[in-house]
Visitor: 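Before I ask anything, here is the structure I am working with.
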Amino acid sequence: MRTRSILLLVVLALWLFGSERVNVNADAPKRSARLVSYTIRADLDPARKAITGDMDFVWKNPTDEPVDHLFFHLYLNAFASKDSTYLREAAGKGKAGSSWKEEHAGSVRVVSMQREDGDELWTNERRTFVAPDDGNEKDRTLARVQLPAPVGPGDSLSLRIRFVSHMPRVMHRTGWAGNPDDPDDMFFMVAQWFPKIAVVSRGADGKPHWNAHQFHKNTEFFSDYGTYLVSITVPEGYVVGATGKATAAPTKVSDGRVTWVFAQQDVHDFAWTASPHYVVRDFTWDFAGFLEYAPPAMAKNLAALQERTAMHLGRPAAEIRPQKKVAVRLLLQRDHADLSERFYRAVGASLCCYGLWFGEYPYDTLTVVVPPKGGGAAGGMEYPTLITVWGDRLAPDYSTGMEGVTIHEFGHQYFYGLIGTNEFEEAWLDEGFTSYTDARVFEVAYGAGSTRTRYPPFHTPFHRPFAAPRVFSRVAKVLGLDSWLGKVPVPWEAPSSLAAAPKPNPCYDYLRELPALHLPARVPVPAPLSRRNWWLGRRTDDAMVMPGWHFASRGDYAVNAYGRPTLFLYCLRGLMGEAAFDRALREYATTWRFGHPRTEDLMTILSRHAAGLDGFLRSMTDGAGRFDAAIVAASQRKREDGQWVWEVRVQRRGSVPVPLEIEVDGETTWRWDSRARATTQTFRAVRKTKMGVVRLGPDWMRALDADLSNNARVVEGPPDRRAALALAVQWSLFAEEIVRSHAGLGR
Amino acid sequence: MKDALKDVGVSLAHGLRAPLVRWRLVLVLWLSRLLPIVVVLGLPLYQSIGQSVGRHPDAGHLLEPEADSTGFFFAWTSDFFRDTMPDVPDRLFWLVVVAWFAVVFFAGGIVGRLVRLSEAAPVSDAEYLPEHENDPGFMMDCGRYFGRFLRLAVLLVVLAHVIDYGLNGILAESQAKRAMVHHTQDFVIQKTLARGLLSLVGVWLLGLIAAYTQIHMVISDRASAVLSFLRAVRIVLRRLLSVLLVESGMLALAGLAALAAWLLPRAVRPDAGSTGLGIGLFVVVAAVVSYLRSGVEVGAMEARVRLVGSGERLEMEQLEEQPEELAPPDDPEQLAG
């Protein structure tokens with residue numbers, strides 16, 4: 001009896017123990033295929049801005065055929081010459097007002113690449129630089145290495161690679177900033193810094209197919225998952241942050257030098273940063289603890305999200321709640337030390353939301369880097385377990401830009417990091433998914449939408465008294481000299497890095513954003529509508545799914561990679577229904593964790609969760625994606641029997657099949673199926689009452705609709721011009737202010 | 001000193017009364033600025049907005065955008081200025097150009113009239129002459145001084161751009177390079193604010209000297225913009241305290257007018273439930289405040305004229321007679337002779 005009781009207790013304890021250890025990633029793979037292994041010993045010389053690297057590299061052939069050559073990314077060479085594909089695409093210009101200069105060029109030079117038997121592969125006979133994307137013979141960002149003997153299916157190849165990387169002055173993503181004459185006053189963001197192998201997979205013909213691209217202005221990521229063990233030697237006093245977990249405390253290796261060691265499995269890249277100026281803030285995140293830490297409104301929303309998501313996924317809330325603890329390290333500048341809580345709240349909310357929706361974050365660490373003022377061009381980037389964001393201590397209190405970029409870059413830990421899509425060829429699968437999901441996180445954490453004070457299409461640069469270049473440029477345009485003048489450098493253009501936003505202050509509001517004087521300030525902007533305006537304003541008819549470098553401009557790329565996919569997914573959620581949509585995305589995220597999905601893979605999953613989506617999906621991804629629903633006419637007449645005959649004529653313009661609901665006085669009266677071929681249809685009904693207001697729905701359609709002014713109509717009575725009068729007067733006052741300020745020099 | 005303070009007091013008194021007493025001049029300035037705006041921007045906007053949302057049930061959101069959580073205001077405004085009125089920035093630009101010429105044109109009439117009134121009723125004279133007396137023709141003055149004021153205006157624009165180029169071009173560029181080596185925003189904040197302050201002070205001083213240049217041009221009947229400008233600098237420097245006191249007083253008045261322009265229309269700003277009467281009240285208040293701000297501009301000019309009109313007129317005349325500053329004759333016949 002006693003033995004039985006003990007057994008029962010043991011079984012009960014095991015059951016209870018088991019229930020506490022719910023595997024929230026039960027439907028996701030536990031680990032990646034680990035096709036690559038990089039063991040790198042890196043030595044940073046701040047004075048030379050150089051990293052000497054010694055790398056043991058192992059690669060496994062994942063295909064069913066022998067592979068007789070390899071492709072290596074040498075992406076730091078994008079900054080080596082103005083003739084690189086990247087600098088040609090960027091016209092020599094970087095982010096935050098920076099530009100490329102030869103004296104601050106960057107490069108990666110492979111010193112040797114030897115097999116285990118000492119056979120040298122990095123010879124002129126075996127190594128060639130290739131440019132499959134644009135045929136640019138001067139681009140050195142992609143190298144093809146011919147192997148003396150093929151690597152068999154499933155076999156591994158070990159190489160020892162020695163290289164020297166010279167970091168560029170940061171103009172985009174990677175490089176150094178600070179005082180070049182003082183090695184103790186430097187900031188390094190070290191990304192794309194070592195020779196990295198491209199991705200090979202089984203092609204449609206059954207043969208190995210290399211997916212290798214040059215470094216581009218818009219796109220740079222696609223690699224295989226594996227293991228990284230990286231030791232980084234830096235001057236004493238430098239703080240190092242990197243992908244992965246520090247395996248031990250930094251150890252002193254020589255006079256004034258210390259080595260930091262980081263390790264991480266199941267990631268597809270490795271980046272690090274070093275600077276003696278970092279202010280370090282450490283947090284330990286876990287779901288329950290964060291709910292206690294977060295502001296009440298945020299905590300309440302996160303708790304509600306847990307319940308709602310569990311309901312949508314059809315699983316108990318406890319089962320989807322992330323269990324893991326994550327060590328969050330913020331590497332801040334002195335300027336931003338007071339902002340650490342804001343950054344952490346954004347990261348914490350992201351860990352909660354993404355964990356609930358797509359399975360928990362599987363890594364032990366997350367490092368958030370805020371670059372210094374001079375290194376702003378390194379901000380806003382994603383690397384496995386490390387993100388770079390922006391900090392601005394001058395940002396107005398209503399501004400949530402810092403939180404926005406933090407949430408977005410964290411989102412890439414999933415859509416780029418865990419789901420390794422091909423950014424080169426299908427950027428929307430990472431940038432678009434991240435943009436859509438970051439808006440949802442933002443809504444949960446901070447409320448629906450942001451606020452804006454700037455008025456499209458104006459922004460008067462009134463921190464300067466006359467906006468002189470604008471006057472000059474207008475006059476030049478009138479005289480037809482604009483194209484000629486466009487070639488002349490304009491030293492009066494204040495660098496954007498200096499256009500700091502002042503603290504909230506009515507005087508600055510007046511000087512900086514003049515419309516605030518007569519036009520309403522701080523207008524709320526629901527997230528989908530801000531993306532909608534961006535998309536509509538761009539007027540591009542490109543397909544959404546295209547290689548990044550095929551877009552005519554950065555603007556066209558950006559709106560198709562970020563803005564349009566956000567609208568697409570927002571509307572898709574409305575079309576499918578929230579529950580089906582959440583289930584589909586959960587399946588996509590877990591099925592393809594540590595994988596390389598394509599657009600078709602996503603579409604297959606979506607179609608499994610909702611029928612009849614084909615037309616919508618195709619029109620949004622491959623077509624121009626334009627849509628406008630309009631009430632063309634609405635009238636009514638009284639019959640002899642006293643009943644009213646309603647008549648509403650509706651038009652559906654564009655190529656996107658959206659099912660419409662026609663509401664009269666708040667009640668859905670008619671539905672117009674999306675399969676209908678006609679573009680115009682008249683709806684009639686007989687009712688006892690008069691028709692007041694006609695409105696088109698569903699509500700989510702507004703995010704895609706090109707013209708919101710024709711979506712609703714008051715059926716009877718003369719047009720109400722009160723709003724028109726008030727708005728015209730407000731804009732006239734605004735114009736008077738512009739005229740008064742600018743024309744003052746006439747006297 | 002006592003006389004100087006008395007001059008300042010009288011000048012300010014004239015300046016303060018001008019918006020009411022010189023209502024014709026104020027009206028000209030006000031209408032010259034407002035009419036083009038109404039014709040080129042206000043009426044087309046009214047028509048287009050009326051057509052766009054005259055029958056839309058959500059049009060009320062456009063009148064209370066801060067509380068519009070639907071985003072209708074944001075989305076509609078973007079659509080409207082992108083699709084329906086995409087040329088508003090162009091219209092604004094040309095309105096500025098037209099207003100610039102209008103200000104130059106009417107400045108001749110306004111300054112000419114104020115100078116003549118000042119001559120007819122010196123500052124010590126307690127009697128305040130009505131405008132219609134001693135009036136040689138407002139439009140004649142406008143035409144007479146247009147050419148020389150235009151030259152002055154062009155000179156001012158050039159000088160303004162020199163200030164802008166120096167501070168926001170060369171200096172900003174140099175600071176930008178230095179900022180790149182800094183790890184904090186301190187450097188940027190301080191330098192940017194300093195540059196902004198210098199820009200504003202520079203523009204203010206430029207406008208101040210320009211006003212005295214115009215007065216000098218009318219009193220001395222000189223046409224050289226450069227020489228008149230230099231003499232105005234000298235006049236300002238000689239009576240710096242008086243000038244600064246008068247300008248500070250009028251600047252304070254302008255500040256109050258700007259505050260009124262900010263607060264009053266906001267106080268009566270219509271919302272979604274406004275009646276036609278409420279919107280009419282808003283229009284009237286906005287117009288009155290706008291008129292008052294033009295009145296302050298005329299007042300500032302009158303204060304300057306009164307300040308210069310007493311002792312400085314004599315001094316200007318003396319300066320005119322000084323042989324060391326030989327200005328080139330403006331009369332082509334004299335040149336030919």
Side-chain angles (χ1 to χ4, degrees), chain A residues 177-179 277 333-335 372-374 393-394 456-458 463-466 468 474 491-492 494-495 497-498 500 517 520 522-526 529 532-533 537 693 707-709 712-714 719-729 731-733 735-736 738-739 742-747, chain B residues 33 37 41-42 45-46 49-50 52-59 62-63 65-66 69 71 73-76 78-79 81-82 89 92-93 95-96 99-100 103-104 107 153 156-157 160-161 164-165 168-169 172-173 176 180-185 188 192 196 199 203 262 270 276 279 283 286 290:
Chain A
N179 186 350
H277 291 295
Q333 304 300 315
R334 183 167 55 81
D335 278 334
K373 180 65 196 164
R393 77 173 203 227
L394 297 176
F458 313 101
H463 58 286
R464 301 178 61 181
F466 326 106
R474 287 296 179 85
W492 55 69
S497 60
L498 283 183
L517 187 63
R522 300 182 193 176
V523 177
V525 185
L529 289 180
R532 165 196 179 272
N533 289 13
V693 174
D707 185 357
L708 297 181
S709 68
R713 176 183 287 220
V714 178
D720 184 351
R721 293 190 177 270
R722 283 177 299 177
L725 179 61
L727 286 176
V729 171
W731 279 91
S732 297
L733 289 174
E736 193 207 2
I738 296 267
V739 166
H742 280 70
L745 286 170
R747 60 170 167 72
Chain B
R33 201 176 273 153
I37 292 173
L41 197 69
L45 273 175
Y46 172 71
I49 296 171
S52 173
V53 290
R55 287 190 172 279
H56 202 291
D58 294 338
L62 302 180
L63 298 180
E66 285 104 333
S69 59
F73 176 90
F74 174 76
W76 177 86
S78 304
D79 291 352
F81 288 110
R82 185 185 61 240
L92 278 175
F93 172 76
L95 278 172
V96 169
W100 187 81
V103 166
V104 173
L156 286 178
V157 170
H161 282 103
D164 191 46
Y165 182 82
N168 298 312
E173 190 75 2
M180 297 305 266
V181 304
H182 283 261
H183 282 267
T184 84
Q185 291 179 283
V188 177
T192 305
S199 299
V203 176
W262 190 5
I279 290 173
V283 174
S290 168

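The model shown is predicted, which means the values in this text are computed figures rather than measured ones. In what follows, chains carry the letters A, B, and so on, assigned in the order in which the sequence lines appear, proteins first and then strands, with residues in each chain numbered from 1.
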Visitor: Below 4.5 Å, heavy-atom pairs only: which of Gly71(B), Pro57(B), Gly50(B) has the largest tally toward chain A?
Guide: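 Top count of heavy-atom pairs under 4.5 Å with chain A: Pro57(B).
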Visitor: Could you tell me which portion of Pro270(B) (side chain, backbone, both or neither) has an atom closer than 4.5 angstrom to a non-hydrogen atom of chain A?
Guide: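 Interface part for Pro270(B): side chain.
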Visitor: How far apart are the closest heavy atoms of His56(B) and Val714(A), and which atoms are they?
Guide: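 Answer, listing the atom of His56(B) first, then Val714(A): C-CG2, 4.4 Å.
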Visitor: Rounded to the nearest 0.5 Å, what separation is found between the CG atom of Leu725(A) and the CD1 atom of Ile49(B)?
Guide: 9.5 Å
Visitor: To the nearest 0.5 Å, what is the distance between CD1 (Ile279(B)) and CZ (Arg721(A))?
Guide: 13.0 Å
Visitor: Using non-hydrogen atoms only, which part of Ser52(B) is less than 4.5 Å away from chain A: side chain, backbone, both, or neither?
Guide: both
Visitor: How close do Ala726(A) and Leu63(B) get, heavy atom to heavy atom, and via which atoms?
Guide: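 Scanning both residues completely, I find the closest heavy atoms to be CB-CD2, 3.5 Å.
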Visitor: Taking side chain to side chain donor-acceptor pair (under 3.5 Å) as the test, write out the residues that go with Asp720(A), two or more places apart.
Guide: Arg722(A)
Visitor: State, to 0.1 Å, how close Leu529(A) and Phe74(B) come at their nearest heavy-atom pair, and which atoms those are.
Guide: O-CE2, 3.9 Å
Visitor: List the atom of Asn533(A), the atom of Ala75(B), and the distance in Å for their closest heavy-atom pair.
Guide: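 So the minimum-distance heavy-atom pair works out to ND2-CA, 3.7 Å.
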Visitor: If the test is side-chain contact (heavy atoms from CB on, under 4.5 Å), which one of Leu92(B), Leu95(B), Val103(B) qualifies with Val739(A)?
Guide: Leu95(B)
Visitor: Output all residues satisfying side chain to side chain donor-acceptor pair (under 3.5 Å) with Ser732(A), sequence neighbours left out; order by chain, then residue number.
Guide: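 Expected list: none.
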